[in-house]
Amino acid sequence: MYAQMVKSTGKGVKTREEMSEDERAFQDKIDADTKIEPRDWMPEEYRKTLVRQIGQHAHSEIVGQLPEGNWITRAPTLERKMILLAKVQDEAGHGLYLYAAAETLGVSRDEMTEDLLSGKMKYSSIFNYPTLTWADMGAVGWLVDGAAIMNQVPLQRTSYGPYSRAMIRICKEESFHQRQGYDIMMKMAQGSPEQKRMAQDALNRFWYPSLMMFGPSDADSVHSAQSMAWKIKINTNDELRQKFVDQTVPQAEYLGLSIPDPDLKWNAERGHYDFTEPDWQEFFDVIKGNGPCNTERLGDRTRAWEEGRWVREGLMAHANKRAARIAAE
Amino acid sequence: MADTIDRTALQQFLLRMGDNTLILGHRVSEWCGHAPVLEEDIALANTALDLIGQTQLWLDYAAEVEGAGRSADDLAFLRDVWDFRNVLLVELPNGDFGQTLMRQFLYDAWASIMLGRLQKSADERVREIAEKAAKENAYHVERSADTVVGLGDGTEESHRRMQAALDYLYPYVGELFESDATDAAMVEAGVAPDPAGLREDYDALVGRVMADATLRLPEKAYVHRGGRSGTMHTEHLGHLLCTMQWLQRAYPGCRW
Ligand SMILES: [Fe+2]
Ligand SMILES: [Fe+2]
């Protein structure tokens with residue numbers, strides 16, 4: 001997902017007997033669906049895991065501006081340009097809410113940014129794939145925002161109050177994005193032969209990377225078990241991936257496009273589609289920095305940060321001067 | 001609009017308004033994802049969005065007045081350099097963030113005065129567009145002025161960069177106040193004010209902001225012109241159009 005493979009304690013979930021009194025009270029609150037707020041006591045590992053998870057999610061929103069920003073200046077109509085601008089602006093706003101939620105846990109946005117640029121913190125693997133034709137704007141909205149929604153809708157119920165509230169605001173906008181993406185796909189799929197070709201090509205390239213967004217199977221992961229006990233993760237990666245496939249296959253059929261998986265078929269017994277797993281080696285390569293666009297994405301963010309330094313310093317200096325002037329009056 | 005008006009002049013006037021917002025909106029949108037702070041990314045996207053929205057309104061009307069069956073999109077995506085009527089100021093490259101915001105303020109300040117006058121236009125459609133655009137512009141000009149002041153009166157480096165931006169851009173300001181036969185026809189029909197008449201208010205506003213920003217306005221700046229008459233654009237515009245119009249040109253007649 002936007003937060004893939006977030007590590008928690010590395011140990012198993014503690015039994016009630018192993019917990020301290022504070023930990024027991026904390027777990028009771030979570031089990032009773034009472035939200036944890038910034039001033040409440042929380043285990044250090046809960047705080048750290050959340051910082052990693054929310055931070056990774058925030059970074060994904062920010063880096064996620066780039067593949068779509070790549071087409072803003074080439075949008076084919078004034079209306080499409082406006083829709084895309086509004087979408088990318090929303091994503092930046094999502095980054096803002098999420099950084100604010102993470103800041104309530106005691107890390108600053110600047111610290112998290114430095115960690116992103118140094119490679120210490122990650123962002124979703126999906127944004128390391130290139131956007132090559134206009135149909136990619138459709139595929140990203142339809143598939144990438146679609147996969148994000150799968151994960152984020154349950155997270156509206158997550159145990160940490162500020163995170164949950166950020167998710168509620170974000171989810172409203174994400175469903176818009178998905179509909180707009182699907183609308184682009186529809187226009188392309190019903191368009192000229194070249195447009196149809198672009199649409200199919202976009203689906204071919206984005207299908208497996210979208211499945212990777214949910215992360216590798218975590219049914220046996222100790223990190224996931226702990227995160228689920230803390231309700232900062234609600235479903236397993238496989239559950240969400242299956243749900244995504246089941247939802248997306250009929251949508252692709254409706255567009256007249258084919259999913260690039262010859263083994264995809266309805267399994268009446270399971271009541272789900274059977275499908276081919278993505279190439280997890282490719283996923284780990286991308287996570288390690290060897291995706292098609294890792295260098296560009298991080299390079300862009302680093303340049304923006306470095307070249308913006310004088311602006312941040314200038315505005316800060318001015319604010320200080322003003323404050324001093326007001327104090328002197 | 002009254003039938004007596006010179007429709008060619010009206011169409012030219014509308015193109016001048018719409019091409020300014022189109023080209024500036026495009027330039028601002030080039031920043032997407034690369035601003036110095038997240039809040040600026042959001043603000044720049046918002047500005048671009050407003051400007052493209054205004055473009056839609058101006059060019060819709062321009063296309064209608066032209067009456068040749070063209071749409072706003074046709075005007076935006078299928079004209080070549082010589083048919084664009086924006087001032088040169090808005091087609092200049094973004095440069096650094098300071099140059100982009102300085103250009104934005106120099107434009108916003110003009111637009112705030114122009115849109116104010118256009119709200120008294122004899123043409124109802126122009127009035128409506130100006131009313132909507134003025135609301136958006138009020139926010140833009142406040143923001144760009146604040147940023148120019150903040151960076152002008154910030155650190156030594158930010159001051160130096162802002163002064164350099166002003167020195168580079170100021171020779172392109174004069175074109176905003178040039179009057180020609182098209183303007184005379186608009187004045188006569190009560191559609192739009194004489195551009196030259198906006199200069200006093202503009203100088204007052206810009207003078208105030210530059211003083212707060214501790215920046216020095218260049219004296220007797222040369223006036224680069226030719227954009228709004230279409231006689232002489234910069235080389236930059238053609239490259240901008242190559243990007244902006246590429247899909248429409250490469251795959252003509254498609255629906256997107
Ligand atoms: Fe988002
Ligand atoms: Fe989104």
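Chain identifiers are assigned alphabetically (A, B, ...) following the order of the sequence lines, protein sequences preceding nucleic acid strands; residue numbering begins at 1 within each chain. Values in this document were obtained by computation on a predicted structure and should not be read as measured data. The basis for the numbers below is simple: all heavy atoms, side chains too, and nothing from hydrogens, waters or symmetry mates.
- One distance of note links CG of Leu96(A) with CG of Asp41(B); it measures 10.5 Å at 0.5 Å rounding.
- For Phe176(A), the CZ atom is loosely surrounded, since the number of other residues' heavy atoms within 6.0 Å does not exceed 12.
- Among the residues in residues 100-112 of chain B, none has a non-hydrogen atom closer than 4.5 angstrom to a non-hydrogen atom of chain A.
- Ranked by heavy-atom pairs under 4.5 Å with chain B, the first of Thr73(A), Val311(A), Asp183(A) is Thr73(A).
- Counting heavy atoms from C-beta outward, Ile72(A) and His26(B) have side chains that stay 4.5 Å or more apart.
- Side-chain contact check for Tyr251(B) versus Met198(A): some heavy-atom pair is nearer than 4.5 Å.
- Looking at Arg322(A), there are no atoms closer than 4.5 Å to chain B (heavy atoms on both sides), in backbone or side chain.
- Counting heavy-atom pairs closer than 4.5 Å to chain B, the top-ranked of the candidates Ala75(A), Pro76(A), Gly64(A), Ala304(A) is Pro76(A).
- Heavy atoms of Arg309(A) lying under 4.5 Å from chain B are absent altogether.
- Neither the backbone nor the side chain of Asp50(B) has a heavy atom closer than 4.5 Å to any heavy atom of chain A.
- With a 4.5 angstrom heavy-atom cutoff, Trp310(A) touches chain B via backbone and side-chain atoms both.
- Top candidate by heavy-atom pairs under 4.5 Å with chain B, chosen from Glu313(A), Glu194(A), Lys321(A), Arg74(A), is Lys321(A).
- Nearest heavy atom pair, residue Cys32(B) against residue Leu66(A), reads O-CD2, 4.5 Å.
- In this structure, chain A has a heavy atom under 4.5 Å from the side chain of Arg161(B), while its backbone stays farther away.
- Between Glu39(B) and Arg312(A) there is no salt bridge, since no side-chain N of the basic residue sits under 4.0 Å from a carboxylate O of the acidic one.
- At a threshold of 4.5 Å between non-hydrogen side-chain atoms, the residues His34(B) and Asp300(A) count as touching.
- Applying the side chain to side chain contact (heavy atoms under 4.5 Å, CB included) test between Leu78(A) and each of Asp73(B), Asp60(B), Leu75(B) identifies Asp73(B) as the sole match.
- Contacts of residues 42-49 of chain B with chain A at a heavy-atom distance below 4.5 Å involve Ile42(B), Ala45(B), Asn46(B), Ala48(B), Leu49(B), listed in sequence order.
- Interface summary for chain A: among Met244(B), Met162(B), Glu30(B), the most heavy-atom pairs under 4.5 angstrom belong to Met244(B).
- Comparing Ala86(A), Gly308(A), Ala92(A), Gly69(A) by heavy-atom pairs within less than 4.5 Å of chain B, the highest count is held by Ala92(A).
- Only the side chain of Ile62(A) comes within less than 4.5 Å of a heavy atom of chain B; its backbone N, CA, C and O stay farther away.
- Within residues 148-156 of chain B, the residues having any heavy atom less than 4.5 Å from a heavy atom of chain A are, in residue-number order, Val149(B), Gly150(B), Leu151(B), Asp153(B), Gly154(B), Thr155(B).
- Nearest heavy-atom pair across Gln195(A) and Arg255(B) is NE2-O, 2.8 Å.
- For the pair Gln56(B)/Met82(A), a side-chain contact is recorded, criterion being any heavy-atom separation below 4.5 Å from C-beta on.
- A distance of 10.5 Å separates CH2 in Trp71(A) from OG1 in Thr243(B), rounded to the nearest 0.5 Å.
- Contacts from residues 126-145 of chain B to chain A, taken as heavy-atom pairs separated by less than 4.5 Å, involve no residues at all.
- Between Arg80(A) and Trp256(B), the closest heavy-atom pair is NE-O, 2.6 Å.
- No other option in Leu22(B), Asp96(B), Val37(B) has as many heavy-atom pairs under 4.5 Å with chain A as Asp96(B).
- The structure places CD1 of Ile52(B) at 13.0 Å from CD1 of Ile83(A), a figure rounded to the nearest 0.5 Å.
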